[in-house]
Amino acid sequence: MYLKKLELINYRNYSKVNLDFGKDTILIIGNNGNGKTNLLESIHYLSTGKSHRTYTQDEIIKWGSKQSWIRAIVGSDGVSPVNHLIEIEMRKDNETRIKVDKTTRRKKTDFVSILPTVIFSPDDLKIIKDGPSERRNFLDSLLEKIDSSYYRQRLQYQKILAQRNSLIKSADKSAGSKIDREINLTLEAWDSNLVKYGSSVIKKRYELLDEIRPEFKDYMENFFKGVSADIFYVFSWNRKNMPDSFENESSGNYQDVEIQDEDNSVVGSMERNLEEVFYRKLRENIDKDMQYKITTIGPHRDDFVILLNGKNLRFFGSQGQQRVASICLRLCELDILKEKIKEDPVLLLDDVFSELDIERKKMLVKAVKNKFQTFITATNMSYLDKLDMEFGSKLLVMDNGITPLDL
Amino acid sequence: MALYIKSIENLINEFKKLPGIGPKSARRIAYFLLKLPDDDILKLSRSIVEMKEKVKFCSQCYGLSEEDVCYICRDESRDRKKICIVEEAGDVAIIEKTGEYRGLYHVLGGLLSPIENIGPSEIRIPMLLSRVKKNDVDEIIIALNPTVEGESTTVYLKKILQPLGIKITRLASGLPVGGNLEYADEITIGRAISERREI
């Protein structure tokens with residue numbers, strides 16, 4: 001699939017924009033603050049029904065307007081060409097209406113796979129640098145794209161988790177820090193369902209990371225010759241301390257990695273086994289849960305770690321290394337998407353070249369060049385010098401409008 | 001300015017509180033009632049009051065009844081060794097309509113939900129336990145909704161009933177009869193596959 005036509009009305013800084021695209025590489029040039037990212041955001045919105053930048057709709061609607069629209073024709077060419085009209089209407093009261101070919105789609109899951117996109121954004125650095133929730137988000141949003149039941153399973157898990165947390169909080173009022181028999185019995189009931197849904201979340205994330213792993217290593221070792229890179233899933237019960245002190249971890253060698261090997265068999269052998277381990281760990285940590293009044297074990301506390309020459313990239317990598325690692329994760333996302341949904345994704349490269357040196361730029365270009373429809377933003381043409389790229393069209397973003405540039 | 005008559009507005013406001021009735025339907029019903037003969041209005045209002053006065057919970061199963069013990073619990077021809085656990089009294093009528101079940105019921109009146117501060121003693125679990133201990137019961141059928149709360153309540157019931165040596169079953173879940181595979185959601189189909197059975 002690729003984006004053939006895009007129309008934006010009252011979208012962020014744009015009053016009205018009408019663009020046609022070919023299935024090639026589109027360069028978007030403009031100074032800071034002129035709306036390059038806004039354009040990419042709208043394409044990402046078409047793909048997922050949400051923004052990659054904000055949770056509040058009001059930001060998206062142009063100042064002084066009540067509604068904004070994204071209308072697009074997406075499709076494929078070939079022997080039996082397909083075209084879909086996607087219309088998204090966003091209103092000030094936080095309501096969104098999505099229509100595909102004039103029919104309303106109520107569930108987002110119905111529509112996410114029409115125009116798959118992968119966005120490389122400056123914010124991706126957060127996946128490497130920030131807390132575990134950013135990394136879980138990376139896995140979760142990718143899983144939502146390739147596995148239609150995942151979203152609901154995770155939602156179920158969140159519901160049970162909320163119930164369990166609230167039970168733990170109320171336990172204190174009635175019983176003090178030691179749990180009495182009655183509460184414990186109720187807790188066991190919630191635990192067994194927490195484990196049931198939680199295990200399938202863990203399993204899917206773990207298997208996804210396992211699939212990504214060889215490619216991620218390849219990409220990293222390609223970008224940095226002579227280094228060894230690795231990526232591991234970290235179970236909540238293997239994170240050494242409570243999350244707060246975990247952030248201050250001083251040792252560079254990630255010791256949990258050794259335990260990791262033992263755990264490979266946990267998921268590998270059978271789902272049953274994972275459920276058993278999860279349940280056991282949950283019960284073992286019950287006193288800690290009571291003390292902190294929160295569930296400390298479960299996929300909501302899982303993480304993954306990236307190692308560069310045996311050291312945790314999050315704490316010991318340079319900005320450039322971390323940037324490249326985030327790009328490699330996105331490249332893996334691209335490969336997985338392509339393989340699982342058998343549909344060409346659209347690539348959105350938002351200002352990714354500015355931080356890379358020429359060698360790294362060339363490698364990235366090589367990895368993505370001429371495969372899919374690709375949108376690239378840059379503030380300056382010189383970032384793209386010597387990269388040997390061919391652009392199907394060039395757009396200049398200026399004064400709240402978009403104009404085609406002559407090639 | 002819209003026409004405003006206090007007694008009509010009062011009634012509309014009462015109707016709006018009812019499940020499934022929005023402002024438009026409430027208004028429509030109120031104006032409809034206005035046109036009814038006095039007799040019919042009396043009949044309607046009496047039957048509401050009468051229902052409220054007469055209907056109470058059965059002292060055994062907590063289903064709805066006009067007597068102290070409901071007709072199901074009194075019916076000697078039913079299998080008294082089986083108890084089907086449901087969430088709300090209305091669920092009894094739903095299962096009864098099938099004609100498939102000839103045992104007794106127990107209405108919990110809710111599901112475990114710590115967020116709403118509902119624990120085992122807020123829903124009639126203590127009553128269920130004493131009922132099971134006092135009578136000769138050989139099977140408990142759990143017919144709770146397959147929601148997060150329903151499933152956890154099911155697990156809880158299993159945990160407290162199993163030590164009593166009673167067979168515990170729960171309703172099968174899977175594809176709706178006459179339904180179409182493509183319209184079922186993934187979790188339902190997944191469960192239908194994992195709980196498939198030999199034919």
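All values below were derived from every heavy atom in this structure, side-chain atoms included, with hydrogens, water molecules and symmetry-related copies excluded. Proteins get letters first, then strands, A, B, ... in listed order; numbering begins at 1 in each.
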(request) Can you establish whether the number of heavy atoms outside A/K338 located under 6.0 Å from its atom NZ is more than 12? (result) yes
(request) Go through A/A189, A/S149, A/A162 and name the one with the most non-hydrogen pairs under 4.5 angstrom from chain B. (result) A/A189
(request) Would you give the length of the straight line joining atom NZ of A/K159 to atom CD of B/E151, rounded to the nearest 0.5 angstrom? (result) 11.0 Å
(request) Tell me, yes or no, whether the heavy-atom count around B/E100 atom CD, taken from other residues, nucleotides or ligands under 6.0 Å, exceeds 12. (result) no
(message) At a 4.5 Å cut-off on heavy atoms, which part of A/T186 comes close to chain B: side chain, backbone, both, or neither?
(response) both
(request) Against chain A, work out which of B/I115, B/L112, B/V155 has the most heavy-atom pairs shorter than 4.5 Å and name it. (result) B/I115
(request) Would you indicate whether A/K92, at its atom NZ, is surrounded by more than 12 heavy atoms from other residues, nucleotides or ligands within a distance under 6.0 Å? (result) yes
(message) Rounded at 0.5 Å granularity, tell me how far CG in B/N117 sits from CG in A/L167.
(response) 9.5 Å
(request) Start with the C-alpha gap between A/W190 and B/V148, add the side-chain angles, then the distance that decides, and say whether side chain to side chain contact (heavy atoms under 4.5 Å, CB included) holds. (result) CA-CA 9 Å; A/W190 288 102; B/V148 161; 3.7 Å; yes
(message) Keeping A/E188 on the side-chain end and B/Y156 on the backbone end, is there a donor-acceptor pair under 3.5 Å?
(response) no
(message) Out of B/P120, B/S113, B/S121, return the one with the most heavy atom pairs under 4.5 angstrom to chain A.
(response) B/S113
(message) Check this for me: B/Y101, atom OH, are more than 12 non-hydrogen atoms of other residues, nucleotides or ligands nearer than 6.0 Å?
(response) yes
(message) Counting neighbours of CG on A/D93 that are heavy atoms of other residues, nucleotides or ligands and sit closer than 6.0 Å, is the number greater than 12?
(response) yes
(request) Using a cut-off of 6.0 Å, state whether more than 12 heavy atoms not belonging to A/K99 lie near its atom NZ. (result) no
